[in-house]
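Basis for what follows: all heavy atoms, side chains included, without hydrogens, waters or symmetry-related copies. One-based numbering, in listed order, for ligands and for the atoms of each.
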Amino acid sequence: MKRRNFIKNTSLSTAGIISASLLSSCENEDKKTTAKQEEKETIKPIAVCTWNFENANSKAWEVLANDGNALDAVEQGAMAEEANIKNTTVGIGATPDRDGNVTLDACIMDKDSNCGAVVYLQNIVHPIAVARKVMEETPHIILAGKGAEQFAYEQGFKKTNLLTEKARKRWLEWKKTSKYETIINIENHDTIGMLAMDKHGDIAGACTTSGMGYKVGGRVGDSPIIGAGLYVDNEVGGATATGVGEEVIRTVGSFLIVELMRQGKSPQEACEEGVKRIMAKNKGRKDFQIGFLALNKKGETGGYCVHPGFTYRKATNVGHTNEQVDSFYKKKV
Ligand code: SD4
């Protein structure tokens with residue numbers, strides 16, 4: 001109860017007799033309100049993403065700087081890269097599967113734990129926007145393949161050939177020597193996972209990818225799986241993953257990172273623990289890359305990844321606002 005209302009109410013009903021305990025509870029309320037106000041004043045909107053997606057961070061930051069919300073920021077940030085023809089791991093221009101088909105995975109999650117995802121989506125430049133439509137326009141969370149594509153057309157998305165000439169040529173080259181075998185990490189790890197906090201302190205996340213390069217037809221990775229490639233709990237923070245999706249799915253990676261933060265770990269500590277747990281289950285393997293990125297309610301970020309050959313790196317960039325810093329620096333552990 002607000003102090004002013006309380007006093008007004010009390011003076012009406014009890015003719016000015018206010019007990020000490022009630023007064024102190026009023027003061028506590030006041031303190032809480034002040035603490036909340038202070039918290040609000042210290043909220044600094046932030047957008048972060050995996051790797052060096054300068055366009056994505058700039059776009060997301062533009063949304064936040066114009067008082068936009070975290071959900072719009074992550075969606076528009078991810079879309080900036082999906083439309084980037086030079087980016088070979090998301091949207092148009094992405095690396096196809098081993099049969100030459102570009103199939104895309106994406107998911108999005110908001111402050112209220114609403115979420116939407118598309119898996120194995122073809123011919124649509126912006127899977128993240130379709131994922132948002134799934135979240136907002138259907139009673140479902142995941143749409144797959146032809147159904148997802150059909151839904152996208154119904155929502156007004158255009159059919160586009162995603163296999164660019166350059167990507168087609170690279171695929172034809174790959175076919176010459178690959179023996180039709182999928183090799184993990186050939187895509188050079190560039191899934192885009194985005195997390196943002198807006199001026200209200202609300203967090204949202206998005207993740208979009210073409211997945212593993214020259215994957216087996218039909219394969220779906222972690223990126224569109226809520227809890228694996230992305231997870232947001234607005235009370236705690238958010239996390240997103242990049243790297244070999246199979247390993248992230250097995251460990252429900254992003255959910256794990258958020259839960260570790262709930263238990264008191266900083267985003268950095270949580271990401272390090274997540275990567276180390278995966279590596280502990282893969283003793284002896286030195287051929288894959290895994291990375292996590294996390295953001296908590298204080299606006300603190302963390303990132304950590306392991307690369308083939310077991311080089312661990314701490315992520316510093318996490319593209320803080322629009323000061324894009326180079327992402328990962330080497331750190332042996
Ligand atoms: C996947 N996690 O499909 C994605 C690939 C990735 O950077 O992150 N590449 O497994």
Side-chain angles (χ1 to χ4, degrees), residues 48-53 56 74 77-78 81-82 84 86-91 93-98 101-109 117-122 127-128 131 142 144-145 148 162 167 170 182-195 205-231 239-257 271 274-275 278-279 281-282 285 287-294 303-308 311 313 315 317-319 327-328:
V48 293
C49 73
T50 52
W51 312 112
N52 283 324
F53 292 114
V74 294
E81 277 305 321
E82 287 175 339
N84 178 1
K86 289 192 190 141
N87 187 326
T88 59
T89 52
V90 294
T95 304
D97 67 14
R98 63 182 183 176
N101 299 312
V102 178
T103 70
L104 305 175
D105 297 338
C107 74
I108 195 159
M109 191 161 189
V118 287
V119 304
Y120 199 77
L121 178 65
Q122 291 178 264
I128 200 68
I142 305 178
L162 302 178
R170 280 196 304 271
T182 303
I183 302 167
I184 61 169
N185 279 149
I186 205 165
E187 83 282 10
N188 200 19
H189 51 69
D190 278 344
T191 286
I192 174 162
M194 290 212 78
L195 301 166
C207 191
T208 182
T209 191
S210 56
M212 203 176 269
Y214 312 125
K215 60 198 174 185
V216 176
R219 184 260 186 191
V220 171
D222 61 314
S223 304
I225 309 295
I226 296 294
L230 176 75
Y231 192 69
T240 186
T242 178
V244 180
E246 283 72 5
E247 297 305 322
V248 179
I249 292 172
R250 252 196 261 288
T251 47
V252 199
S254 293
F255 180 73
L256 170 67
I257 304 299
C271 290
V275 167
I278 289 177
M279 298 321 287
K281 287 190 190 300
N282 285 282
R285 274 186 72 184
D287 60 347
F288 67 83
Q289 181 262 324
I290 289 289
F292 288 109
L293 175 68
Y304 201 64
C305 70
V306 60
H307 286 268
T311 313
R313 292 173 179 191
N317 88 319
V318 291
S327 60
F328 291 89

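Ligand 1 places these atoms under 4.0 Å from at least one heavy atom of R219: 1 (C), 3 (O), 10 (O). With ligand atoms numbered from 1 in the order given, ligand 1 contributes 3 (O) to contacts under 4.0 Å with heavy atoms of M212. Below 4.0 Å from some heavy atom of S223 lie the following atoms of ligand 1, by number and element: 2 (N), 4 (C). Against a heavy-atom cut-off of under 4.0 Å, D222 is close to the following atoms of ligand 1: 1 (C), 2 (N), 4 (C), 10 (O).
Put simply, the side chain of T95 never gets that close to the backbone of T89: no donor and acceptor are under 3.5 Å apart.
Looking at A241 next to ligand 1, no N or O pair under 3.5 Å apart turns up. Distances between N or O atoms of G243 and those of ligand 1 include at least one value under 3.5 Å.
The two residues C107 and S223 have their closest heavy-atom pair at SG-O, 3.2 Å. When all heavy atoms are compared, the tightest approach of I192 to T50 is CA-OG1, 3.4 Å. The shortest non-hydrogen separation linking T103 to Y120 is CG2-CE1, 3.4 Å. Of all the heavy atoms in A56 and E81, the pair that sits closest is CB-CG, 4.0 Å.
Counting only non-hydrogen atoms, the option in T242, T208, I192 that gets closest to atom 7 (O) of ligand 1 is T242. The heavy atom nearest to atom 6 (C) of ligand 1, out of those in T191, T240, I225, T209, is found in T191.
Residue contacts with ligand 1 for Q289 are absent, since no atom lies close enough (heavy atoms, distance under 4.0 Å).
Using a 4.5 Å cut-off on side-chain heavy atoms (C-beta onward), Q289 and T242 make contact.
We find that K215 and E246 are not joined by a salt bridge, their nearest charged nitrogen and carboxylate oxygen being 4.0 Å or further apart.
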